[in-house]
Asks: 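Dumping the structure here so I can ask a few things about it.
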Amino acid sequence: GLWRYMLSVPLGTFAGYCIMRLARANSPEHVHYANLTWYSQRRKAITVLVAMAAVVAFVLMWPLFPGLWQWLLPVGLLAFFYVTPFSDRKGNAIGLRSIPFAKTWLISALWVVVTVAVPLRLDEQEHSTALLLGMACMRLPLVLSLSITFDIRDLHNDPPSLRTMPQLLGVRGAKVLAIFLLCASA
């Protein structure tokens, strides 16, 4: 079952991120982001690729769902509501992403589940809770550090209301924190 998961995760990730980008490409903010403009201009082709990736990921995962639904359903719902296809009256995209300070932690927690908890669940050997927690404690700072670097990249386009690490700590402080977290993940 692990091989099915290993193939479906990148396909599902591609589909999920593209769906989020396509949803945001409809909002007025898309003119501030080159990647959202790119998605907007190629909407039909990307939609076809997303549909194909999602179908293949779903078919691969189908036999695994009975043992994994309690892990993957919350991940899928949180990912969906992270950037939803919904918008406010002004046309701005809304979702969990817009909750101040939550963006980096939410992304990181979801990736810990996808890259640690589910693969250990699929392993034929039993693993202790201590091992799961230990691996999660190594993976979380790694993903947090990566998320912070993307927040630094997006600093000039993110609204101040997001309250990302670079907005709160400044670029230098965010870099120091990202390096510290990267070291802590080793």
Side-chain angles (χ1 to χ4, degrees), residues 1-88 91-99 102-123 135-136 139-140 142-151 153-154 157-159 162 164:
L2 192 54
W3 70 270
R4 289 177 170 275
Y5 185 72
M6 299 281 291
L7 290 173
S8 66
V9 166
L11 292 169
T13 301
F14 170 78
Y17 272 97
C18 286
I19 288 168
M20 290 181 223
R21 299 296 187 273
L22 288 169
R24 288 181 60 207
N26 285 336
S27 70
E29 70 180 332
H30 92 272
V31 296
H32 301 293
Y33 296 90
N35 65 333
L36 295 182
T37 301
W38 187 87
Y39 276 86
S40 181
Q41 294 168 346
R42 292 159 180 84
R43 178 172 296 282
K44 287 182 183 180
I46 293 171
T47 301
V48 170
L49 289 173
V50 165
M52 290 175 14
V55 166
V56 172
F58 184 81
V59 169
L60 285 168
M61 288 297 294
W62 183 254
L64 305 176
F65 278 127
L68 297 178
W69 71 268
Q70 70 273 19
W71 292 96
L72 296 177
L73 182 63
V75 167
L77 288 173
L78 286 170
F80 175 76
F81 287 112
Y82 174 71
V83 177
T84 65
F86 310 116
S87 58
D88 62 16
N92 297 314
I94 56 173
L96 293 174
R97 180 181 187 274
S98 61
I99 297 172
K103 177 182 169 186
T104 303
W105 289 99
L106 178 63
I107 291 168
S108 300
L110 293 179
W111 275 110
V112 166
V113 171
V114 169
T115 62
V116 174
V118 173
L120 285 179
R121 177 75 170 98
L122 285 171
D123 195 357
M135 291 184 73
R139 189 65 45 92
L140 184 64
L142 172 67
V143 181
L144 280 169
S145 69
L146 294 171
S147 295
I148 290 169
T149 59
F150 283 105
D151 286 343
R153 179 200 64 187
D154 297 338
N157 293 319
D158 284 342
L162 276 183
T164 62

Asks: For residues 56-64, which side-chain N or O atoms pair as donor and acceptor with protein atoms under 3.5 Å away, sequence neighbours left out?
Replies:
none

Asks: Under a 4.5 Å cut-off applied to non-hydrogen side-chain atoms, are L2 and M6 in contact?
Replies: yes
Asks: V48 vs M52, test: side-chain contact (heavy atoms from CB on, under 4.5 Å). Steps then yes/no.
Replies: CA-CA 6 Å; V48 170; M52 290 175 14; 4.0 Å; yes
Asks: Roughly how far apart are L49 CG and L11 CG, rounded to 0.5 Å?
Replies: 11.0 Å
Asks: Once rounded to the nearest 0.5 Å, what's the spacing between atom CG of L36 and atom CE of M20?
Replies: 12.5 Å
Asks: Which is it for K103 and D158 under the side-chain contact (heavy atoms from CB on, under 4.5 Å) test, yes or no, and what are the steps along the way?
Replies: CA-CA 11 Å; K103 177 182 169 186; D158 284 342; 3.5 Å; yes
Asks: May I have the step-by-step check of side-chain contact (heavy atoms from CB on, under 4.5 Å) for W105 and L140, ending in yes or no?
Replies: CA-CA 9 Å; W105 289 99; L140 184 64; 4.3 Å; yes
Asks: Show the atom names and distances, to 0.1 Å, of all donor-acceptor pairs under 3.5 Å that link a side chain in residues 107-115 to residues at least two apart or in another chain.
Replies:
unit_1	atom_1	unit_2	atom_2	d
S108	OG	T104	O	2.8
S108	OG	L144	N	3.4
T115	OG1	W111	O	2.6
T115	OG1	R139	NH1	2.9

Asks: Specify the closest pair of heavy atoms between A25 and R43, including all atoms of both residues, with the distance to one decimal.
Replies: CB-NH2, 3.6 Å
Asks: Drop me the distance from L73's CG to F65's CZ, to the nearest 0.5 angstrom.
Replies: 9.5 Å
Asks: Can you give me the closest heavy-atom contact between M135 and L120, atom names plus distance?
Replies: SD-CD1, 4.0 Å
Asks: In this structure, are over 12 heavy atoms from other groups packed under 6.0 Å from F150 atom CZ?
Replies: no
Asks: Ignoring hydrogens and angles, tell me if any N or O in the side chain of T13 forms a donor-acceptor pair with the backbone of V9 under 3.5 Å.
Replies: yes
Asks: Apply side-chain contact (heavy atoms from CB on, under 4.5 Å) to the pair Y17 and L22, showing each step before the final yes or no.
Replies: CA-CA 9 Å; Y17 272 97; L22 288 169; over 6 Å; no
Asks: If you take all heavy atoms of P74 and W69, which pair is closest and at what distance?
Replies: CD-O, 3.9 Å
Asks: Can you tell me how far CZ of R121 sits from CD of Q70, rounded to the nearest 0.5 angstrom?
Replies: 5.5 Å
